[in-house]
Each structure stands twice: as structure tokens, then as C-alpha cells.
Number of protein chains: 2
Amino acid sequence: MKVSEEYQPLSLPEKCEETPLRRAIHLLGDTWVLLIVMNLLQGSMRFNALRTKLGHISSKTLSSRLKLLEQLGFVQRLAFLEIPPRVEYHLTAQGRELGDVIAAIEQFGNKHLSDSVVATTREACPVTVEENAAVENVR
Amino acid sequence: MKVSEEYQPLSLPEKCEETPLRRAIHLLGDTWVLLIVMNLLQGSMRFNALRTKLGHISSKTLSSRLKLLEQLGFVQRLAFLEIPPRVEYHLTAQGRELGDVIAAIEQFGNKHLSDSVVATTREACPVTVEENAAVENVR
DNA sequence: CAGGATCCGATCGGATACTG
DNA sequence: CAGTATCCGATCGGATCCTG
């Protein structure tokens, strides 16, 4: 049995975590993290409630993400001394600030990703190039 | 030789793409996409320039992401009829709007992910729970 | 109910080689 | 230079079983 080698669910090619921005992108560059935070923004939730709401996430994945978020101080884990056990997760003040990011994403999504995925909304801006002619759609 | 089975670099468990927000999260839930857009926000770039700036991304990965972004209408591909070939990528108006999202992420990163990853900044808010006592750090 | 341990398949992405 | 094709290993995440 391995001695639990610290979870590191989010992997990036290599040494990309030097800057806060990279770290942020790294963290948010994970579907589950975003989705989890989204749900927690609406109030604290229990493990299985989250699990259900997220649809099809394995307990393994969910718990790893929650653990990560907890370590980073964005999520607070609250274990009740009951039987059966009850554990509630809720965002910390810091975590709630992720709301801004999510709001931005949501806004963006609504504006540019509504249904027409490969939208016909491609703009036809007059391309001005020096010297040579440039072409689109030429591979 | 397979007949190019449509790139779909970003995978999500299953049918999660029903809503614009999910789609957005799905799209932005990718390190490279974010990173690429970041760089393009500062002006158009050529393929290899991007590649270099991103550090260690394979041409395969880079081109798949660019293709995706192009399909979605966020990036414009400009091929010059020269030899050696020159191709420039730049954001469309839509793509530039991703700047908002990135800004939000950057701000968040700077605020909460600067160096002290597992910050000691954990808040000690007084937890008020009904009936039972709740505990932290109890697994 | 909350979650850890294991097994294991899917896939993503890097390295390399090749082309126009 | 700007890619594409192929091979292939790393890993991520789902399913299952099990415990406190």
C-alpha cells in the first residue's frame, strides 16, 4: 500500500506554476473545480448532494477536488459528529471571490457560446496586410 | 489513414455541454486555451512564436487548440502566401472578450495564489451550527 | 453517508519523423 | 516555417468494493 502520495489532480506539462496567473489558470483549468465552486456559491452542500448535482462525477474525483480546494483555503469542510456522518462544504470568503471569475465566464458563455457553437457569427473584417496577400481557410 | 476524426481536444465526462455556461467552463477548463488567448491578447503571433512563448507545448497540441479556437470564432488564422510560409493568429472581436475572463482570473490569482499556495490565510470564522458540534480537520 | 483503496480502460499530450 | 501523422507512455478519472 502506497503511503498516499499527496493528491495532485491537476497536472500541467511541467514547471508552469511560477506565476500566480499560471497557478490560477492551472487551478481553474479544471472543469470540476469550476463546477464545484459554482454549486457551492449557492450555499453549502453535503458531499453526496454535490455529487448528485454535478451529475456524473466519481466520489474519488469529487473528494480529490474538494481536498484541493480545502488546502488552498477556498473551501471549508465541516464534519458533524453524527451517525450517519454528515459533512458540509462551503466556500470561504476567498472562495466566494471565485464568483467573480465564474460570473465572467458565465457572461462570456451566454454571449458567445449559446447553442450555435460553431456560430456563423464569424466576423468578416477587412484584413489589411503589407506586401503579401493573406488568405483564410487555406491549409 | 483515418479520415481525420474531428478534433475534440477537450473532453468532459459525458453530456455536460447543454448550457452555455457548461460549454464555457468546458472550453476555458483547458490550460492551453487560456494561455494561448492570453498571449494573443497582446497582439497577433505566428505559430512558432506562440509555441516558444508557451514554453513546452507540442505543435500537435498547439495546432489543435488553435483550430478549436478558430472554429469557435475566437481566433482568426491568417496565412500569407510566402515561402517559407507565414501564418499569423490573432483574436477576433469575440476572442478579445475573453480578456475579461482572463482579467478576472489574473486578479484572482494575484490576490489569492501569490506564492503562499497553501496560505495560512485560512479564516477562522465562528461556525454556528444547530444541535451538533461540527469539527474541522477531522477525517 | 462520506470517502479511501484498487483496478483499469480511455485519452490526452509529448517526441519524433515527414511534407508543402 | 507551419503544420500533420503516428507511436506510445503517463495520468486521469470512472466503477467497484469496503469501512467507520
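All chains are named by letter (A, B, ...) in the order of the sequence lines, taking the proteins before the strands, and each is independently numbered beginning at 1.
- For A:K67, taking side-chain heavy atoms from C-beta onward, the closest of the listed nucleotides C:dA2, D:dA2, C:dG4 is C:dG4.
- Atom CZ in A:R65 sits about 12 Å away from atom C1' in D:dT11, given to the nearest Å.
- The one candidate from A:L28, A:I102, A:V33, A:L35 that meets the side-chain contact (heavy atoms from CB on, under 4.5 Å) condition with B:I25 is A:L35.
- Comparing D:dG3, C:dG14, D:dG14 by their nearest atom to the side chain of B:V87 picks out D:dG3.
- The listed nucleotides are D:dA2, C:dC1, D:dA15; the one nearest the side chain of A:K60 is D:dA15.
- Residue B:R51 is out of contact with every strand shown, counting any heavy-atom pair closer than 4.0 Å.
- At a threshold of 4.0 angstrom between heavy atoms, the contacts of B:S58 include nucleobase atoms, whether or not backbone atoms are also involved.
- Among C:dG20, D:dG13, C:dA2, the nucleotide with an atom closest to any side-chain atom of B:P85 is C:dG20.
- Which of D:dA2, D:dG13, D:dT4 sits closest to the side chain of B:S63 comes down to D:dT4.
- Checked against C:dC1, D:dG14, D:dG13, the side chain of A:P84 finds its nearest nucleotide in C:dC1.
- Distances shown here put a side-chain N or O of B:T61 below 4.0 Å from the OP1 or OP2 atom of C:dG14.
- Note on B:S59: a base of the nucleic acid sits closer than 4.0 angstrom, heavy atoms only.
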